[in-house]
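To find a chain, count down the sequence lines: A is the first, B the second, and so on, and within it residues start at 1.
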Amino acid sequence: MADIIVEIGIWVAAAYTLMIYSYPYKDTPLFKFAEHTMIGLGIAITTIMGIRNILDIAVGSIVNKGEFAWIIPILLGLALFTRYSRQYAWLSRWPLALLVGVGIGVSMGSSVDASFLAQIRSTVTGVNTLNKALLGIMIIITITYFIFSIGKEQREKGAFKYTSQLGRYVMMLCFGALFGNTIMTRMALFIGRMNFLLFEWLKLG
Amino acid sequence: MIASAKEGFWNKLQAIDQRILYVLIIVVVALPLLRPLSLPITVTSATRTAYEKVDEYSGPGSVIVIAYEFIAGNWPEMGPIAVAMTQHLFRKPDIRIILLAMGRDQGPILAENTLKYIDEMGKEYGEDYVNLGFFAGAEAAMASFASDIPGLVKKDYYGTPIEQLPVMSGLNDLNDIDMFLCLWSGTPGWGEYLRQWQTPYGITVIGGTLGINGPGAQPYVSSGQLKGLVVGLRGGGEYEKLIGKPGEATSGLDAVSTTHLLIIAFIILGNVGYFAGRKRTGGEV
């Protein structure tokens, strides 16, 4: 019985894979159907996970342990839904403000050091290899491209003209690397699907 | 007549029907999968460094956390990395392994899926490793775990109270964790762990991510915030080679090579068509 269910699952997955891959031919109704199913499933899973979290963490704590403080986040969560009512929409601003405030507060504490100072430290210290020296030079010339406060005339003559031009080339190199990696990722995902179709569905291997 | 036929040829090179390209891609992916070419896999220094760092920081008595912060759709690229790195750790004697997710609710399911592909080397669930499941709250949950593990973690993914799991005994905060493997595909992911775990606690982090994220994460390797990084299907294949256990990535790397060759050929063809057409029209295309 379990084998039959697995086999049905494989056929359903194969059918949906082929429906999605009908898109390169043209925007077919099969593609639309598969696309909408995927969005629906995604929302369903997220909703179920959310409800499970509320029941397990908040409601569970109230019922099993008598921790009534959990009523506050539940009420705040419910207040988010008041945005559908013109009269009470203002209530939704409170939980939203709390969410944004906590989010910024938690993340800002170390983000300056994590993403900014540590990177500067790493760039300006330990320049002991050609790669690191080149990295430092490329960072500086790229920054010159973004100096707009000196006026258009100054930017188009002298050293700035050449450094900003070089900065553009550095950025193009970077975008090229990013695009190349994007293609690699897409190919890897496609190879994964082909693996599934050839070996799990068609059982050719 | 001949001249216009030639011009037509150059123009056609620039306007090849994309469906032809798609069919050719299917062919060059399917053929090496069905008949492997066994092209040699060269291990890059980035993957080797990550492997060596995992070795270095997982000595006897170590406690390792692995975060599965990716989604099922990323499995073809992230799965081989997760399997290879997790397998590497499961071979280490006398270590404790904690699997969790705080950014992606699919994480615990993917952690379970990873375990299906690995040899557990006699490690016992609850004694040597545990799947803690998903913690809602993303960055706030990460901060909470870092400062007070027993305060946040009450039970594992299967509902077993944490007091009944010896693997979790004596773990109070992030200072009790020796190494963290961050397997991420987007946000929330490395950026959040960097802010809440790596920067304030200085924990050793080894990363694994999609090819698309590789260039963006590289500065963190240079700065030492990431001690090592395994990138994409290629990185997964290299790691499989290092642990001596070929898997999905190894079998896919031939197809990666053939598709890249095809793409390079089409880029050359398109450029030849462009420059030849430009020459014929005196610079105007």
Could you work out, with side chain to side chain donor-acceptor pair (under 3.5 Å) as the rule, every residue matching A/Tyr169, not counting sequence neighbours?
A/Gln165
Compare every heavy atom of B/Gly252 with every heavy atom of A/Ile191, then report the nearest pair and how far apart it is.
CD1-O, 3.8 Å
Table up the donor-acceptor pairs between chain A and chain B that sit under 3.5 Å, atom names plus distance.
residue, atom, partner, partner atom, Å
A/Val106, O, B/Gln196, NE2, 2.8
A/Ser110, OG, B/Arg195, O, 2.3
A/Ala114, O, B/Gln225, NE2, 2.7
A/Gln119, NE2, B/Ser223, OG, 3.4
A/Gln119, NE2, B/Gln225, OE1, 2.9
A/Thr185, OG1, B/Glu77, OE1, 3.2
A/Thr185, OG1, B/Gly211, N, 3.2
A/Thr185, OG1, B/Ile212, N, 2.8

Between B/Leu194 and A/Ala114 the two heavy atoms that sit nearest each other are CG-CB, 3.7 Å
B/Leu34 and A/Phe199 have their tightest heavy-atom pair at CD2-CE2, 4.1 Å
Does A/Phe148 have more than 12 heavy atoms from other residues, nucleotides or ligands lying within 6.0 Å of its CZ?
yes
Would you give the length of the straight line joining atom CG of A/Leu197 to atom CD1 of B/Ile26, rounded to the nearest 0.5 angstrom?
9.5 Å
More than 12 heavy atoms from other groups under 6.0 Å of CD1 on A/Ile72:
no
Sequence neighbours excluded and cut-off under 3.5 Å, please list the side-chain donor-acceptor pairs for residues 93-100 of chain A, or say none.
none

Counting only heavy atoms not in A/Met49, do more than 12 sit closer than 6.0 Å to its CE atom?
yes
Would you please name every residue forming a side-chain contact (heavy atoms from CB on, under 4.5 Å) with B/Ile263, sequence neighbours left out?
A/Ile183, A/Met187, B/Ile25, B/Ile267
For a quick test of reading the model, state the closest non-hydrogen atom pair linking A/Leu178 to B/Pro215 and the distance between them.
CD2-CB, 3.7 Å
Any chance you could measure A/Leu198, atom CG, to B/Leu31, atom CG, to the nearest 0.5 Å?
9.5 Å
